[in-house]
Amino acid sequence: MYPDTQLLIDGRWADAADARHLDVRNPATGQVIGKVAHAGIADLDRALAAAERGFAEWSARSAFDRAAILRQAAALLRERSGDVARLMTLEQGKPLAEARMEIGRGAEVIDWLAGEAQRVYDRVIPARAPNVTQTAVKQPVGPVAGFAPWNFPVNQIVRKMAGALAAGCSIIVKGAEETPASGAALVACFVDAGVPAGAIALVFGTPAEISEHLIASPVIRKVSFTGSTVVGREIAALAARQLKIVTLELGGHAPVLVFADCDVAKAAREIALIKYRNAGQTCLSPTRILVERSAYPAFVEAFVAAARPIRLGDGLDPDTQMGPMANPRRVAAMQRLVDDARARGATVALGGDAPDRPGYFYNPTVLTDVPGDALAMNEEPFGPLALIHPFDGLEDAIAEANRLPYGLSTYVFTGSSLTARACSRRIESGMVAVNGFGLGHPETPFGGMKDSGQGQEGGSEAIEAFLLTRFVTVTDL
Ligand code: NAD
């Protein structure tokens, strides 16, 4: 069973005032499975008024109380993870095991931020006279508008919602219209844990209408967006007009540098495993796989051997290793990139087409010798395309890694600590992982540079994003 999803405004789940709704489809079949309420301006205005009241109430609670409520929300999410994972697979397509992992990670994010709520320290600054006390004071920035996409329906909301609540902010989240039910099930955990009415809201509708209305409102003091670079620029421009603080988690086009001095076959297997997770619809997905020329043939062979047996299917089937893409737009985007690369001389070593079955599936694809001017080497594929390309020496590899305006994540495989240090220092990337994929833990910084965004959604920086610093000086008479 898949429930219809309502809006959460001022502590009540309800349909839109004008009863509008959108269909939700199962990407594994293309069939309509339910509905999501479509908010109008009247609904957004009620959410804004409630967020203002919710902020006053929630920010007045002690950090100890806020943390206790957040921990209870994490416990509820763990308790309900089986049901939430099923909803996520039905609406987003990822295999059930990946959905469960995402929910487990979501609960860890809440726990981490609950702890951070209790570690927000003011700072006493030594004064110039003994009767003066100078303090840098942290306080919540105010009501937040958050915009979350469909690729991780729980994890994208949880980072924004738990971060805002931990800091003492209220938050209105626009969830993804394609994947509303699992996000709503997450938000229900916060409500049931005792977050007061008004401190959280969840809305869906026409994305541009919602972002324009919420960001223009004087109630909103901070904007947090995850999605494409193109839309991120629009959001940043709207926020700049109102001088609002923005966090942007945008696209990536992650380079992977494989040097001949690593265990090449092992690296190939590990990269292939990560590449096709969530059907490649991950901003951290390893995409431009650059391999030192002497290791290139062995790498390609091992990579294709690891990718070929990946079983495509409905995420509810326990044998499925890769589900469908989230929507038909992504399938069309994959075909456009593959056709273009092929026309420019790339070799399709695996896949390169959609299987003949219902739903929005695309085969795990490996393209080799992809020329630098192929669209796929420049646009974020956001899908199951691995682009393998040879390089000659460290300088060549670093130049290719830094060629694009993206700078989110980079992976390096090498047995040399000198090479590892040179890459981690010189590659323009918000996150670098050497000989592994350990990015995105709740306790570690998460964010990009250049066109991949600004600000952080992980580590201690995650709560900082929702805090202001004020300075207070008191002179004893
Ligand atoms: P899109 O840019 O239309 O939408 C991406 C997300 O942004 C969606 O959730 C959408 O609801 C939201 N959005 C779109 N316009 C908006 C607006 N004006 N105001 C507020 N929110 C808005 O693209 P898409 O076809 O859904 O996804 C494809 C691209 O999105 C990918 O190529 C990828 O670059 C990017 N994306 C990135 C992430 C990420 O984790 N950084 C997640 C999902 C999608």
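In listed order, ligands and their atoms are each counted from 1. Numbers for residues simply follow the sequence, beginning at 1.
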- Quick one: are Thr226 and Phe147 in side-chain contact, heavy atoms under 4.5 Å? no

- Query: Quick one: salt bridge (charged side-chain N to carboxylate O under 4.0 Å, His left out) pairs with a partner in residues 433-447, sequence neighbours left out?
  - Reply: none

- Task: Return yes when atom CD of Glu108 has more than 12 non-hydrogen atoms of other residues, nucleotides or ligands closer than 6.0 Å, and no otherwise.
- Result: yes

- Query: Listing by chain and number, which residues have a heavy atom under 4.0 Å from ligand 1?
  - Reply: Phe147, Ala148, Pro149, Trp150, Asn151, Gln156, Lys174, Glu177, Pro207, Ala208, Ser211, Phe225, Thr226, Gly227, Ser228, Val231, Ile235, Glu249, Leu250, Cys283, Arg329, Arg330, Glu380, Phe382

- Task: Hey, could you give me each pair passing ring-ring contact (aromatic ring centres under 6.0 Å, His included) that has a residue in residues 148-186? Not counting sequence neighbours.
- Result: Trp150-Phe382

- Would you say the side chain of Val331 lies within less than 4.5 Å of the side chain of Phe361, judging by non-hydrogen atoms? no

- Excluding sequence neighbours, so at least two apart, what forms side-chain hydrogen bond (donor to acceptor under 3.5 Å, both in side chains) with Thr368? none

